[in-house]
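Structure record follows, encoded as structure tokens.
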Amino acid sequence: MTTVRDLQAMAGEEPITMLTAYDAVTARLVEDSGVDVVLVGDSMGNAVLGHDDTLPVTVDEMASRVGAVARGTDEALVVADMPFLSFGADEAESVWNCGRMLKEEGANAVKLESGPHTVDLTERLSNLGIPVMAHLGLTPQSVNQTGYTQQATEREEGEEILELARKHEAAGAFALVLEHVPANLAAQVTDAIDIPTIGIGAGGDCDGQVLVFTDVVGLADSSPPFAEQFGDVRSEVTDAVSDYVDAVQEGDFPGPEHSDTAEELDDLY
Ligand code: KIV
């Protein structure tokens with residue numbers, strides 16, 4: 001099984017791959033395709049639960065999906081993304097919500113959308129044996145304050161991200177996601193800290209990359225500008241489902257091979 005130490009050993013040596021998954025079937029496919037880290041992202045809110053953003057995702061929804069993903073994987077590191085307001089308001093509740101993902105659902109680590117308010121919490125969780133992946137730059141749970149635009153384009157904001165990255169590393173975070181920030185900032189943060197950086201819309205100099213599953217396979221209704229579609233699963237699925245519909249409507253399915261008969265039941269009526 002991949003551990004947080006394995007990931008740290010990969011930093012600077014070989015690129016780390018992380019991808020989201022929200023159920024056991026997808027998690028198995030993602031792992032079998034060679035992904036190192038499966039993130040049960042709160043992006044499930046818009047990616048698969050039909051919400052406009054990630055804010056409505058609940059701790060119970062996350063727990064259920066984390067359990068499914070953990071059951072669908074053997075080797076990959078499973079990271080539970082803590083939903084909006086499940087952490088940060090009250091320390092004891094934050095610890096319990098995060099701990100539940102490992103204790104009850106089989107996650108190996110949690111991810112927190114980070115800021116000045118998560119430094120102490122990161123230290124507390126790390127001390128309790130709950131590995132924390134920090135997340136700076138665009139943090140979609142703050143969409144009402146920041147929108148979805150690129151973050152840290154001004155010098156002062158870049159300095160703040162660098163400082164927060166260092167503080168989270170010192171607090172015990174084992175890795176750092178950098179989302180939608182200038183590539184030259186991400187490169188400098190990657191140089192400045194020893195823990196792996198995992199970028200999304202942050203250029204090619206991070207220690208790893210993460211994307212959202214539905215963007216990668218072509219199942220998303222819309223994707224951010226920094227995502228890349230590597231396949232067209234939507235066409236495959238619609239072709240298969242419309243072939244099924246046609247076969248039923250035309251009487252071609254089911255065929256004799258799809259069911260059995262029992263002689264004793266002849267002449268019942
Ligand atoms: O929720 C998510 O999928 C994420 C990644 C995009 C980093 O936070």
Side-chain angles (χ1 to χ4, degrees), residues 7 15-23 26-27 30 35-59 61-66 68-69 76-88 97-98 101 107 109-115 118 122 131-143 146-152 161 165 168 173-181 186 189-190 195-203 206-217 219-230:
L7 282 196
I16 297 167
T17 52
M18 179 157 97
L19 190 62
T20 67
Y22 315 108
D23 60 66
T26 311
V30 165
V35 164
D36 302 307
V37 185
V38 182
L39 172 67
V40 191
D42 68 346
S43 50
M44 73 171 74
N46 27 328
V48 298
L49 297 181
H51 296 299
D52 290 336
D53 53 43
T54 62
L55 272 58
V57 175
T58 66
V59 177
E61 282 170 336
M62 181 55 70
S64 162
R65 298 302 181 125
V66 168
V69 167
L77 189 89
V78 174
V79 179
D81 196 10
M82 298 311 296
F84 181 54
L85 295 187
S86 68
F87 63 97
N97 285 337
C98 293
M101 300 300 161
V110 297
K111 178 170 83 59
L112 305 181
E113 290 194 10
S114 310
T118 54
T122 297
V132 176
M133 178 179 278
H135 179 164
L136 295 170
L138 175 61
T139 49
Q141 291 171 17
S142 305
V143 60
T146 62
Y148 290 117
T149 54
Q150 190 181 50
Q151 303 296 300
I161 295 229
H168 282 82
F174 74 92
L176 169 66
V177 169
L178 288 169
E179 180 164 356
H180 210 3
V181 294
V189 173
T190 302
I195 57 172
T197 56
I198 302 184
I200 173 164
C206 294
D207 297 304
Q209 295 293 324
V210 56
L211 283 176
V212 168
F213 176 79
T214 45
D215 291 331
V216 166
V217 300
L219 273 176
D221 288 332
S222 68
S223 295
F226 49 75
E228 179 72 30
Q229 185 181 325
F230 290 87

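Just follow the structure's listing: the first ligand is 1, and inside any ligand the first atom is 1. Below, all heavy atoms of this structure are taken into account, side chains as well, without hydrogens, waters or symmetry copies.
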4.5 Å side-chain heavy-atom contact, M44 and R65
yes
The protein heavy atom nearest to atom 5 (C) of ligand 1 is L39 CD2, 3.6 Å
Min N/O separation D42 to ligand 1 under 3.5 Å
yes
I'd like to check L77 versus L7 (side-chain heavy atoms, cut-off strictly below 4.5 Å). Are they in contact?
yes
When you compare the side chains of Q141 and D42, does any donor N or O come within less than 3.5 Å of an acceptor on the partner?
yes
Please report the interatomic distance CG(L176) to CD1(I161), rounded to the nearest 0.5 Å.
8.5 Å
Is the contact between H135 and ligand 1 made by the side chain, the backbone, both, or neither, using heavy atoms and a 4.0 Å cut-off?
side chain
Could you identify the single nearest non-hydrogen protein atom to atom 8 (O) of ligand 1 and state the distance to 0.1 Å?
K111 NZ, 3.0 Å
Pull out every atom of ligand 1 sitting under 4.0 Å from any heavy atom of G41, numbered as shown with elements.
1 (O), 2 (C), 3 (O)
Using modelled atom types only, decide if a donor and an acceptor are shared between the side chain of T197 and the backbone of D207 within a distance under 3.5 Å.
yes
Please report which non-hydrogen protein atom sits nearest to atom 2 (C) of ligand 1, along with the residue it belongs to and the distance in Å to one decimal place.
S43 OG, 3.3 Å
Identity and distance of the protein heavy atom lying nearest atom 6 (C) of ligand 1:
I200 CD1, 3.6 Å
Do any nitrogen or oxygen atoms of E179 come within less than 3.5 Å of a nitrogen or oxygen of ligand 1?
no
For a 4.5 angstrom cut-off between non-hydrogen side-chain atoms, does Y148 reach V143?
yes
I'd like to check which ligand 1 atoms, numbered from 1 as shown, lie under 4.0 Å from a non-hydrogen atom of T20.
3 (O)
What do we get for D81 next to ligand 1 when only non-hydrogen atoms under 4.0 Å count, side chain, backbone, both or neither?
side chain
Does S86 use its side chain to pair, donor to acceptor, with the backbone of P83 at less than 3.5 Å?
yes
